[in-house]
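See below for the structure under consideration.
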2 protein chains.
Amino acid sequence: MYAVKQVSTLTGVSEATLRVWERRYGIVQPARSPGGYRQYDDDQVATLRAMAALVHDGVPASIAARTLLGSDVRPRVATAGTDGASFDLVSAATLLDPGLIHAVLADAFAASTFDVVVDCWLPSELKRLGEAWEGGSLTVAQEHFASAAVTRHLAARFEDVPPQGGAPVLVGLPQGGRHEVMLMAFAACLRREGVNAIYLGADVPLGDWSMVASEVGARVAVLGVHLDADVSPAQAVVDELSALRPPVTVRVGGRNRHLIRGARQLEDRVSQAAAAIARDLRAGAA
Amino acid sequence: MYAVKQVSTLTGVSEATLRVWERRYGIVQPARSPGGYRQYDDDQVATLRAMAALVHDGVPASIAARTLLGSDVRPRVATAGTDGASFDLVSAATLLDPGLIHAVLADAFAASTFDVVVDCWLPSELKRLGEAWEGGSLTVAQEHFASAAVTRHLAARFEDVPPQGGAPVLVGLPQGGRHEVMLMAFAACLRREGVNAIYLGADVPLGDWSMVASEVGARVAVLGVHLDADVSPAQAVVDELSALRPPVTVRVGGRNRHLIRGARQLEDRVSQAAAAIARDLRAGAA
DNA sequence: GCCGTCCGTCCAATGTTTGTATAAGGTTGC
DNA sequence: GCAACCTTATACAAACATTGGACGGACGGC
């Protein structure tokens with residue numbers, strides 16, 4: 001339990017603003033002490049953090065609030081029919097139900113904006129999926145089923161946006177890399193930002209990066225570094241691309257991105273990272 | 001939901017122009033806040049981006065608007081090569097041009113029916129792609145780029161069809177299997193036939209097949225057997241599934257399908273194979 | 001050159017949204 | 001009792017949007 005002043009420190013939002021967000025948008029409804037003091041719990045602090053992040057990015061407060069309330073960071077899916085339980089990716093994976101997973105994804109994307117789904121909902125669901133797999137409650141096939149469905153959905157979103165010209169940006173995983181889901185999400189964000197993203201996918205051999213970069217005249221490449229095994233091949237890619245003349249700027253994302261030297265680390269949130277790249281490209285082009 | 005300022009940043013179109021496009025051409029009609037502020041959704045932003053791209057390429061705004069409004073959501077991609085040359089997958093892969101490959105695929109699917117594209121055009125293009133790769137005129141990255149784009153396109157087609165109930169059919173590659181393109185094409189055909197296809201994707205471990213089959217009560221599984229290395233894991237899957245009670249009928253497709261024992265071989269052409277399965281299921285259910 | 005059309009920008013008056021400031025008073029814990 | 005903390009309610013200003021008309025550069029036909 002946190003008092004308003006602590007929450008203000010924790011979130012970087014002034015106390016007055018916290019109160020006004022509550023009154024105007026109902027973003028959280030903290031419990032009250034006997035004397036009427038607000039008492040926030042951890043979930044509410046997390047929601048307020050998300051709200052603060054959105055507002056910081058220029059989303060109007062009213063819309064940010066509606067987005068967060070609508071998605072609830074875990075969309076309650078009232079799937080027609082069944083027992084009214086709240087379904088999520090893990091449930092859909094367990095049941096191997098194409099209709100259900102389709103509904104879960106459609107609802108998640110309908111309840112909120114693309115950016116919020118990709119930044120908030122998707123990572124948390126993938127994390128739960130990974131935990132369920134590690135915990136043995138999900139088979140590889142079930143995990144495949146779910147991540148293939150998510151990737152397909154994202155691919156469809158990627159394809160929805162007609163590719164545009166402009167400075168090309170390579171997107172891929174280093175040799176040996178798998179786990180394409182967030183990479184696809186990132187590519188979709190990039191293309192939605194109007195960036196000419198060239199999606200190379202998983203497991204791109206070392207030598208190909210520089211060959212492709214010079215072929216299309218790319219000056220920027222984005223590399224996903226997720227597993228420990230990805231670090232060394234990724235470092236090799238960075239070294240190779242940096243040695244080119246003119247050099248190719250490499251940006252790295254993923255859990256292990258901080259282990260890579262000579263490349264700029266991407267922002268935590270996918271949409272932020274994509275927006276930053278788009279901004280830099282526009283600035284560079286201007 | 002996006003406010004006008006965000007949309008302006010997102011699309012690179014000034015706020016005044018966004019309003020004037022709306023007023024003069026009705027290109028989008030955003031919802032309004034209680035106070036009358038515009039609130040754009042994702043689709044509208046996508047439309048505006050397409051509009052901006054067209055205008056940027058020199059299309060007069062009035063025409064661009066009519067094109068976008070008239071043709072539903074089919075912005076015609078300004079193909080780089082307007083010289084009338086017939087482009088193909090290999091050229092698009094060589095150039096690593098997202099716009100071109102998008103156009104190639106859109107043209108292919110527009111020029112004839114889905115079945116014809118998947119049965120005739122796609123295999124021959126993939127064959128040419130493979131030959132170019134083996135001949136060294138295409139790098140792995142270029143091959144990835146093209147097959148990822150095709151897979152995405154097919155995935156979007158798969159997602160277009162809402163999944164239906166009915167007897168489930170498992171679709172996947174055995175342990176170690178890659179090359180998902182034709183598998184995805186097959187899954188898309190199946191779903192278009194109204195079959196409840198459960199797409200497991202590549203590299204599904206041996207033990208998972210029977211686990212998944214009993215989980216969802218599948219009586220039919222489709223297995224792709226492409227490479228020589230896939231034969232032995234595929235045979236193991238067939239043996240395992242056949243041993244279940246009740247047994248799961250396995251159908252095998254792909255270049256090396258004739259090396260598998262105890263499973264029915266699928267027809268040569270993907271659409272034929274999918275139609276046959278759909279027919280059998282209907283007959284079995286009826 | 002002249003005219004008409006197209007299209008992005010600018011303007012001004014008005015209204016909305018949002019964070020902050022203020023006043024008056026209650027709660028908490030030492 | 002007292003200082004620090006919190007409450008509600010009202011007020012306010014800066015930032016943001018709205019409408020509709022007017023303006024001027026670009027382009028094409030005559």
Side-chain angles (χ1 to χ4, degrees), chain A residues 1-41 44-45 47-70 113 194 282 286, chain B residues 1-41 44-45 47-70 75 78:
Chain A
M1 286 302 189
Y2 308 91
V4 73
K5 186 165 193 175
Q6 292 176 279
V7 176
S8 173
T9 325
L10 251 36
T11 58
V13 178
S14 83
E15 303 171 32
T17 303
L18 288 174
R19 283 189 276 258
V20 99
W21 281 356
E22 180 186 329
R23 182 159 51 84
R24 289 183 182 152
Y25 316 118
I27 177 70
V28 291
Q29 269 140 297
R32 296 301 183 117
S33 78
Y37 282 21
R38 288 172 177 77
Q39 298 184 317
Y40 299 84
D41 65 25
Q44 292 168 328
V45 173
T47 303
L48 289 167
R49 271 222 185 83
M51 172 94 178
L54 287 175
V55 170
H56 177 80
D57 291 351
V59 180
S62 53
I63 293 179
R66 197 181 331 146
T67 312
L68 289 173
L69 287 176
T113 69
R282 275 195 292 271
Chain B
M1 288 299 194
Y2 305 90
V4 74
K5 187 170 190 174
Q6 291 178 281
V7 176
S8 173
T9 332
L10 251 35
T11 58
V13 177
S14 81
E15 302 173 31
T17 303
L18 287 174
R19 281 188 276 258
V20 103
W21 281 357
E22 180 186 331
R23 191 172 70 200
R24 289 183 182 151
Y25 317 117
I27 177 70
V28 290
Q29 270 139 294
R32 297 300 183 117
S33 79
Y37 281 21
R38 287 171 177 78
Q39 298 188 319
Y40 299 83
D41 64 24
Q44 292 167 329
V45 173
T47 305
L48 288 168
R49 244 201 273 264
M51 172 97 178
L54 288 175
V55 170
H56 179 79
D57 290 349
V59 181
S62 52
I63 310 266
R66 205 179 321 144
T67 311
L68 288 173
L69 287 175

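Keep in mind it's a predicted model, so treat the numbers as computed, not measured. Here is the naming used below: chain letters follow the sequence lines, and residue numbers restart at 1 for every chain.
Considering only residues two or more places apart in sequence or on other chains, B:Glu15 meets the side chain to side chain contact (heavy atoms under 4.5 Å, CB included) condition with B:Val4, B:Lys5, B:Ser8, B:Arg19. Among residues two or more places apart in sequence or in another chain, the salt bridge (charged side-chain N to carboxylate O under 4.0 Å, His left out) test is passed with B:Asp41 by none. Listed by chain and residue number, nothing satisfies the side chain to side chain donor-acceptor pair (under 3.5 Å) test with A:Thr9 (two or more places apart in sequence, or in another chain). B:Ala53 pairs by the side chain to side chain contact (heavy atoms under 4.5 Å, CB included) definition with A:Gln164, not counting sequence neighbours. Partners of B:Ser62 by side chain to side chain contact (heavy atoms under 4.5 Å, CB included), not counting sequence neighbours, listed by chain and number: B:Tyr25, B:Pro60. The side chain to side chain donor-acceptor pair (under 3.5 Å) search around A:Tyr2 returns A:Asp42, not counting sequence neighbours. Partners of A:Arg23 according to the side chain to side chain contact (heavy atoms under 4.5 Å, CB included) rule, which considers only residues two or more places apart in sequence or in another chain, are A:Val20. The side chain to side chain donor-acceptor pair (under 3.5 Å) search around B:Thr17 returns B:Ser14, not counting sequence neighbours.
No side-chain donor-acceptor contact under 3.5 Å links A:Glu22 to the backbone of A:Gln29.
Contact of the A:Gln39 side chain with the A:Arg32 side chain is not registered, since no non-hydrogen atoms from C-beta on lie closer than 4.5 Å. With a 4.5 Å cut-off on side-chain heavy atoms, A:Leu10 and A:Arg49 count as touching. In this structure, B:Arg66 and B:Ile63 have side chains that are in contact, with non-hydrogen atoms separated by less than 4.5 Å.
Distances shorter than 4.0 Å separate some side-chain N or O of B:Trp21 from OP1 or OP2 on C:dG8. At the phosphate of D:dT19, OP1 or OP2 sits under 4.0 Å from a side-chain N or O atom of B:Arg38. A sub-4.0 Å separation between OP1 or OP2 of C:dT17 and a side-chain N or O of A:Tyr25 is absent.
Two end axes, each from the C1' atoms of five base pairs, can be drawn for the helix from C:dG1-D:dC30 to C:dC30-D:dG1; they diverge by 30°, to 10 degrees.
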Polar atom pairs (N or O), protein with nucleotides 28-30 of chain C, under 3.5 Å:
from   : atom 1 : to      : atom 2 : distance (Å)
C:dT28 : OP1    : A:Gly35 : N      : 3.1

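Rounded to whole Å, the distance from NZ on A:Lys5 to P on D:dT7 is 12 Å. If you take CD of B:Glu22 and P of D:dG20, they are 11 Å apart, rounded to a whole angstrom.
Contacts with DNA chain D (heavy atom under 4.0 Å) in residues 10-19 of chain B: B:Glu15, B:Arg19, listed by number.
Only one option out of B:Leu68, B:Val13, B:Ile27 pairs with B:Leu48 in a side-chain contact (heavy atoms from CB on, under 4.5 Å); it is B:Ile27.
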Which letter, B, S or -, goes with each nucleotide of nucleotides 21-30 of chain D from 5' to 3', with contact meaning a protein heavy atom under 4.0 Å? B---------

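Side-chain atoms of B:Arg32 lie closest to D:dT18 of the nucleotides C:dT17, D:dC6, D:dT18.
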